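Fair warning: this is a prediction, and the values are worked out from it, not measured in the lab. Every heavy atom of this structure was used, including side-chain atoms; hydrogens, water molecules and symmetry mates were not.
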Amino acid sequence: QVQLVESGGGLVQAGGSLRLSCAASGRTFSSYAMGWFRQAPGKEREFVAGIGISWSGGNTDYADSVKGRFTISRDNAKNTVYLQMNSLKPEDTAVYYCAAKQVYSRYVPTNENAYNYWGQGTQVTVSS
């Protein structure tokens, strides 16, 4: 069982930055692919970024809408995954969720149904 707790959300002006953190419980964090998803009001939850397990090189994947602006990273010693968000836009406003899936390859799921564990979410609001 893995428990995930997000933090770092808040209100920021357009063009600003935020860093989200997701702290995971458990001793096998390094064997989990981690993903960030978001859900805006009235919209479906969507993939934002994902990172693979470290022995595979920690490969990453991003939604086209955030490429070049967001960076996902992980610190296995702290059982934490981060999402650095720069050049924020009003359309980035959403509840951001962290998710985890145990994997044994370079696989980084982009479909939310592939993930087994979810955090409670953290609100990010970008004002124009």
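Taking the ring centre of Phe29 as origin, the terminal cationic atom of Arg74 falls inside the region bounded by 6.0 Å and 45° from the ring axis. The side-chain tip of Arg45 points at the ring of Tyr97 from less than 6.0 angstrom away and within 45° of straight on. At least one test fails for Arg38 against the ring of Tyr96: distance under 6.0 Å to the centre or angle within 45° of the axis.
To the nearest 0.5 angstrom, Ile53 atom CD1 is 9.0 Å from Tyr104 atom OH. For the atom pair OG of Ser25 and CD of Gln1, the computed distance is 7.5 Å after rounding to the nearest 0.5 Å. Separation of atoms OG (Ser7) and CZ (Arg19) is listed at 9.0 Å; rounding is to 0.5 Å. To the nearest 0.5 Å, atom CG of residue Asn86 and atom CG of residue Asp92 are 10.5 Å apart. Rounding to the nearest 0.5 Å gives a distance of 13.5 Å between OH of Tyr117 and SG of Cys22.
Of the candidates Ile72, Thr71, Asn59, Ile72 is the only one forming a side-chain contact (heavy atoms from CB on, under 4.5 Å) with Ile51.
The two residues Thr93 and Val126 make their nearest non-hydrogen contact at OG1-N, 2.9 Å. Contact between Tyr115 and Trp118 at its shortest, heavy atoms only, is O-NE1, 3.7 Å. Between Ala14 and Ser128, the shortest heavy-atom distance links the atoms CB-CA, 4.4 Å. The two atoms that bring Ala63 and Phe47 nearest to each other are CB-O, 3.4 Å, heavy atoms only. Taking all atoms of both residues into account, the shortest heavy-atom contact from Ala94 to Gln123 is O-NE2, 3.4 Å. The two atoms that bring Thr110 and Phe37 nearest to each other are O-CE2, 3.7 Å, heavy atoms only.
Put simply, the side chain of Gln84 reaches to within 4.5 Å of the side chain of Ser17, judged on heavy atoms.
Between the side chains of Thr80 and Asp75, not a single donor N or O lies within less than 3.5 Å of an accepting N or O.
Take Lys67 and apply the salt bridge (charged side-chain N to carboxylate O under 4.0 Å, His left out) test, not counting sequence neighbours, and it matches Asp64. For Gln39, the side-chain hydrogen bond (donor to acceptor under 3.5 Å, both in side chains) test picks out no residue, with sequence neighbours left out.
With a 6.0 Å radius and a threshold of 12 heavy atoms from other residues, nucleotides or ligands, Gln102 has its CD atom above the threshold.
In this structure, the side chain of Ser87 does not engage the main chain of Arg69 through any donor-acceptor pair within 3.5 Å. In this structure a side-chain-to-backbone donor-acceptor pair under 3.5 Å is present from Thr122 to Gly9.
Under the 4.5 Å side-chain heavy-atom criterion for grouping Ile, Leu, Val, Met, Phe, Trp and Tyr, Val12 is not connected to Tyr82 through any hydrophobic cluster.
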Report the C-alpha separation of Met34 and Leu4 in whole Å, then their side-chain angles, then the decisive distance to 0.1 Å, and conclude whether the side-chain contact (heavy atoms from CB on, under 4.5 Å) test is met.
CA-CA 10 Å; Met34 302 298 295; Leu4 304 173; 4.0 Å; yes
Apply side-chain contact (heavy atoms from CB on, under 4.5 Å) to residues Val81 and Cys98 and explain how you reach the verdict.
CA-CA 8 Å; Val81 63; Cys98 171; 3.9 Å; yes
Worked check of side-chain contact (heavy atoms from CB on, under 4.5 Å) between Leu83 and Val48
CA-CA 9 Å; Leu83 184 68; Val48 175; 4.2 Å; yes
Could you go through the side-chain contact (heavy atoms from CB on, under 4.5 Å) check for Tyr32 and Asn76 one step at a time?
CA-CA 10 Å; Tyr32 283 80; Asn76 290 335; over 6 Å; no
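As a member of the Ile/Leu/Val/Met/Phe/Trp/Tyr network built from side-chain separations under 4.5 Å, Val5 groups with nothing else and remains a singleton.
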